Amino acid sequence: MGGGGVETDRAAVPTVTIDGPSGSGKGTVARLIARRLDWHLLDSGAIYRLLGLAALRQGADLADEAVLVDLARDLNVAFPARVQDDQQVLLDGEAVGQLIRTEDVGNAASKVAALPAVREALLQRQRDFRKPPGLVADGRDMGTVVFPDAGLKIFLTASVEERAHRRYNQLKDQGLGGTLSDLLREIAERDERDANRAVAPLVPAPDSVTVDTTGLSVEAVMAELMEHIAGRFDLQQ
Ligand code: DC
């Protein structure tokens, strides 16, 4: 079978996309859904973060598109498990799961993600995650650009205050620093950059279902999302 056949087969793989701003809870629920269904997980933000980390380590100019495209093409990353824990994210064979979660790397990721040629260079890498029995893809442009034919598209959102609080608690749990006011400012800045960039801005796909998670527990969000999933896919195999 030729390359076209492989792409056709991929299109048949049931896919749920979960897009939204950072702190909306999409990472948590995408992982829980992938575990529950035993589907693959694509944490596309981790790929941009890995590129951000590689760029910072190399001392690259984060606005130099040509250098960053080369870096993106050569990026030696691995996600050994179907639903990986952060510990299993590898850059050049080194476990960097914790390192990529820092605010510095997040900001670098947001900058390199604004470069169109960088996004293009990372496109196929992301599409390759679509394998049987199914895929849960978490990011900003999963439903709009990377998997426009996904069977179910979710747009997850929450107020900026709630998202800053969640990030603050997350960082505290991991023993990482950050004050609430700094986080509020950084999240608002990153939202602005992610929503207003020329390529693949953070916008809901027209055929997506929007879920506002402000004030909702993870369990409540999961219950709502699993209902949408059960309504869209045949899960009886
Ligand atoms: O979801 P996250 O915070 O791990 O993402 C890190 C950065 O990567 C974020 O600022 C936006 C960018 N990103 C993107 O542009 N497109 C994606 N599909 C995922 C993340």
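As the structure is a prediction and not an experimental result, all values here were calculated from the model. Start at 1 and go down the list; that is how both ligands and their atoms are numbered.
- Residue-to-ligand polar distances keep Gln126 apart from ligand 1: every N/O pair is separated by 3.5 Å or more.
- Atom 8 (O) of ligand 1 has Tyr48 CB, 3.6 Å as its closest protein atom, hydrogens excluded (heavy atom only).
- In this structure, Arg193 does not count as a contact residue of ligand 1, since none of its heavy atoms falls inside 4.0 Å of the ligand.
- Of the candidates Thr210, Thr17, Asp207, Asp207 is the only one forming a side-chain hydrogen bond (donor to acceptor under 3.5 Å, both in side chains) with Lys153.
- On a distance-only criterion, Arg49 and ligand 1 share at least one N/O pair closer than 3.5 Å.
- Heavy-atom contacts of Arg190 reach the following atoms of ligand 1: 3 (O), 10 (O) (cutoff under 4.0 Å).
- Polar contact check, Ser22 against ligand 1: no nitrogen or oxygen pair lies under 3.5 Å apart.
- A ring-centre distance under 6.0 Å is found for Phe233 and Trp39.
- For atom 7 (C) of ligand 1, the closest non-hydrogen atom on the protein side is Ala109 CB, 3.8 Å.
- At least one N/O-N/O distance between Arg119 and ligand 1 falls below 3.5 Å.
- The shortest non-hydrogen separation linking Ile100 to Leu53 is CG2-CD2, 3.9 Å.
- Scanning the protein for heavy atoms near atom 1 (O) of ligand 1, the closest one is Arg140 NH1, 2.8 Å.
- Using modelled atom types, one finds no donor on one side chain facing an acceptor on the other under 3.5 Å when comparing Ser22 with Arg163.
- Looking only at atom types and distance, the side chain of Glu103 has no donor-acceptor partner in the side chain of Asn107 under 3.5 Å away.
- Heavy-atom contacts from other residues, nucleotides or ligands closer than 6.0 Å to CD of Glu120 number 12 or fewer.
- At a heavy-atom cutoff of 4.0 Å, ligand 1 is contacted by no atom of Lys111, backbone or side chain.
- Summary of contacts: the protein heavy atom closest to atom 19 (C) of ligand 1 is Ser44 OG, 3.4 Å.
- Side-chain contact of Arg167 with Gln170: a donor-acceptor pair under 3.5 Å is present, judged by distance alone.
- Around atom NE2 of His165, no more than 12 heavy atoms belonging to other residues, nucleotides or ligands sit under 6.0 Å away.
- When only interatomic distances are considered, the shortest N/O to N/O separation between Asp141 and ligand 1 falls below 3.5 Å.
- Nearest protein heavy-atom neighbour of atom 12 (C) of ligand 1: Ala113 CB, 3.8 Å.
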